[in-house]
Amino acid sequence: MNTAADDLDDGLAYDVEFSDSPLSDSETVDNKVPERTDAVTGSSSKKRKKNQGGLKDKKRTKMEQDIDRKRNLAKQDVETISEYLNDKIRRKYSDLSALELAEKYFSKSDVRSTQDFDDERNLTNLESFITSRFKNMLSPKQDDEVKYIAILSSSAIRACDTHRATKDLKNGSVKLITKNKLSADISVMSKTRSRVLCSTPARILKVLESDELSVSKDNVKIVIIDNSYLDKKQQNIWDLAEAIDAVKELTSAGAKLYFY
């Protein structure tokens, strides 16, 4: 005859109290692992936001310095200006050797100082800037060599602005822009008596390299760089991919650079 386990008398006293009620909510929570607080994550988040804020401040400061440098470059000496251009060249052609870069560099003799021009460099004062320096070129004698003053800007719209600002000069000015047909610009150049060309760097070369004209880039003796003008993105003429090479072609042909 088998004896049930509960009926065994093993000499030990058992004092067990059973309850039919389930655990209360408070008891259940007390047995859980405590949830992670935001002490650590909050600190990291604040640190990350602080670092991001610092980077934004540095970027903003650098951008402001870059804008200020662009606007005031024309007022600097020729050494500072030529070094600025050559730094642009080094960045653009970082894969070239030092010897190859030297062939692309601008020399100090390519640049003429305009530090003595005290007026604000805007469209209103552009005419006086030109007449105070190049008056003899505006009304040449019939037998004189054809010599041009090229005002180079960062966009066709800006070239139109410089054209309007110089229309009252002796013999006025002409605009050469991509919105015109190339044949139309060539036709204008073949007929005009103006010695002031308002254009973008790439367009003026395209026009002057035409076989239909008796003049060429060699006839451009003065290049006025519309340097102080910044567009909505705070960019100027040197932010154009083709500017450096186009201007270098003109200086290699004998032109001198005047920054405005």
* To do: State, to 0.1 Å, how close Ser128 and Asn125 come at their nearest heavy-atom pair, and which atoms those are.
  => OG-O, 2.9 Å

* Can you check whether Ser107's main-chain N or O pairs, donor with acceptor, with Asp110's side chain at less than 3.5 Å? -> yes

* Asked: Is there a donor-acceptor pair closer than 3.5 Å between any side-chain N or O of Ser187 and the backbone N or O of Ser183?
  -> no

* Asked: Same hydrophobic cluster for Phe259 and Leu240, using side-chain heavy-atom links shorter than 4.5 Å among ILVMFWY?
  -> yes

* To do: Decide whether Leu197 and Val207 are clustered together by the hydrophobic rule: side chain heavy atoms of Ile, Leu, Val, Met, Phe, Trp, Tyr closer than 4.5 Å, transitively.
  => yes

* Between Val174 and Val196, is a side-chain contact (heavy atoms from CB on, under 4.5 Å) present by the stated rule, with each step listed? -> CA-CA 6 Å; Val174 297; Val196 179; over 6 Å; no

* Are any of the side-chain heavy atoms of Ile130 and Ile224 separated by less than 4.5 Å? -> yes

* **Asp77 and Thr80: CA distance, side-chain angles, deciding distance, side-chain hydrogen bond (donor to acceptor under 3.5 Å, both in side chains) verdict** => CA-CA 6 Å; Asp77 56 63; Thr80 300; 3.0 Å; yes

* **Lys181/Asp185 under salt bridge (Lys or Arg N to Asp or Glu O under 4.0 Å): CA gap, chis, key distance, verdict** => CA-CA 7 Å; Lys181 290 184 178 180; Asp185 281 350; over 6 Å; no

* To do: May I ask you to test the Arg195-Lys147 pair for a side-chain heavy-atom distance under 4.5 Å?
  => no

* Report the distance from atom CZ of Arg203 to atom CD of Glu242, rounding to the nearest 0.5 Å. => 12.5 Å

* Quick one: does Asn72's side chain have a donor or acceptor within less than 3.5 Å of a partner on Lys75's backbone? -> no

* **Within 6.0 angstrom of Lys92 NZ, more than 12 heavy atoms from elsewhere** => yes

* Under 3.5 Å, side chain of Asp226 to main-chain N/O of Leu152, donor-acceptor pair present? -> no

* **Side chain to side chain, Glu209 and Glu249, heavy atoms closer than 4.5 Å** => yes

* What about Ile204 and Leu257, same hydrophobic cluster or not, with Ile/Leu/Val/Met/Phe/Trp/Tyr joined at side-chain heavy-atom distances under 4.5 Å? -> yes

* Assess whether atom CD of Glu79 is packed by more than 12 heavy atoms of other residues, nucleotides or ligands within 6.0 Å. => no

* Asked: Nearest 0.5 Å, what's the SG-NZ distance between Cys198 and Lys167?
  -> 12.0 Å

* Asked: If every non-hydrogen atom of Gln234 is compared with every non-hydrogen atom of Asp239, which pair is closest and at what distance?
  -> O-OD2, 4.4 Å

* Structure fact -> Output for pair (Leu123 CG, Ser228 OG), nearest 0.5 Å, gives 11.0 Å

* Asked: How long is the span from the OG1 atom in Thr200 to the CG atom in Leu205, to the nearest 0.5 Å?
  -> 9.0 Å

* Is the backbone N or O of Phe117 less than 3.5 Å from a side-chain atom of Thr114, with the two atoms forming a donor-acceptor pair by type? -> no

* Is there side-chain contact between Arg90 and Tyr105, with at least one heavy-atom pair below 4.5 Å? -> yes

* Among the clusters formed by ILVMFWY side chains lying less than 4.5 Å apart, do Leu250 and Phe134 turn up in the same one? -> no

* **Pair Ser194-Thr192, side-chain donor/acceptor within less than 3.5 Å** => no

* Check whether more than 12 heavy atoms from other residues, nucleotides or ligands sit under 6.0 Å from atom CG of Asp211, and answer yes or no. => no

* Asked: Can you list the steps and then say if Val111 with Lys256 is a side-chain contact (heavy atoms from CB on, under 4.5 Å)?
  -> CA-CA 6 Å; Val111 184; Lys256 299 303 178 182; over 6 Å; no

* **Whether Ser153 side chain and Ser155 backbone form a donor-acceptor pair below 3.5 Å** => no

* Verify the neighbour count for atom CD1 of Ile157: are there more than 12 heavy atoms of other residues, nucleotides or ligands below 6.0 Å? => no

* Asked: Would Tyr84 and Lys70 satisfy side-chain contact (heavy atoms from CB on, under 4.5 Å), going step by step from the backbone distance to the final call?
  -> CA-CA 10 Å; Tyr84 176 87; Lys70 287 177 179 178; 4.0 Å; yes

* Report yes or no: does Arg121 contribute a side-chain atom to a donor-acceptor pair with the main-chain N or O of Asp118 at less than 3.5 Å? => no

* To do: Search all heavy atoms of Ser113 against all heavy atoms of Val78 and return the closest pair with its distance.
  => N-CG1, 3.6 Å

* Asked: Do Tyr260 and Leu169 share a hydrophobic cluster (ILVMFWY, side-chain heavy atoms under 4.5 Å, transitive)?
  -> yes

* Quick one: are Asn227 and Trp238 in side-chain contact, heavy atoms under 4.5 Å? -> yes

* Asked: Under 4.5 Å between any side-chain heavy atoms of Ile177 and His163, yes or no?
  -> no

* For side-chain contact (heavy atoms from CB on, under 4.5 Å), just list the numbers for Ile149 and Leu138, CA-CA rounded to whole Å, side-chain angles, deciding distance to a tenth of an Å, and then say yes or no. => CA-CA 9 Å; Ile149 299 168; Leu138 300 177; 4.1 Å; yes

* **Face-on cation placement of Lys248 at Phe106 ring, 6.0 Å and 45° thresholds** => yes

* When Leu182 is tested against each of Asn180, Thr178, Ile186 for side-chain contact (heavy atoms from CB on, under 4.5 Å), which residue passes? -> Ile186

* Between Met189 and Leu176, is any pair of side-chain heavy atoms under 4.5 Å apart? -> yes

* **Cationic tip of Arg133 above Tyr258 ring, under 6.0 Å, 45° of axis** => no

* Asked: So, does Asp144 use its side chain to make a donor-acceptor pair with the main chain of Pro140 at under 3.5 Å?
  -> no

* Asked: Do side-chain atoms of Lys88 reach the backbone of Glu83 as a donor and acceptor pair under 3.5 angstrom?
  -> no

* **Intermediate values then yes/no, salt bridge (Lys or Arg N to Asp or Glu O under 4.0 Å), Asp66 and Lys62** => CA-CA 6 Å; Asp66 185 50; Lys62 187 178 183 304; 6.0 Å; no

* For residues Ser97 and Glu100, is any side-chain donor paired with an opposing acceptor at under 3.5 Å? -> yes

* **Nearest-0.5 Å distance that lies between atom NZ in Lys104 and atom OG in Ser252** => 9.5 Å

* Asked: What pair of heavy atoms forms the shortest contact from Ala150 to Val220, and how long is it?
  -> CB-CG1, 3.9 Å

* Structure fact -> Residues Val146 and Asn219: closest non-hydrogen pair is O-ND2, 3.0 Å

* So, Ser154 side chain and Ile237 main chain: donor-acceptor pair closer than 3.5 Å or not? -> no

* Asked: Are Leu126 and Ile151 close enough that some pair of their side-chain heavy atoms sits under 4.5 Å apart?
  -> yes

* What is the distance from atom CZ of Arg158 to atom OG of Ser199, rounded to the nearest 0.5 Å? -> 14.0 Å

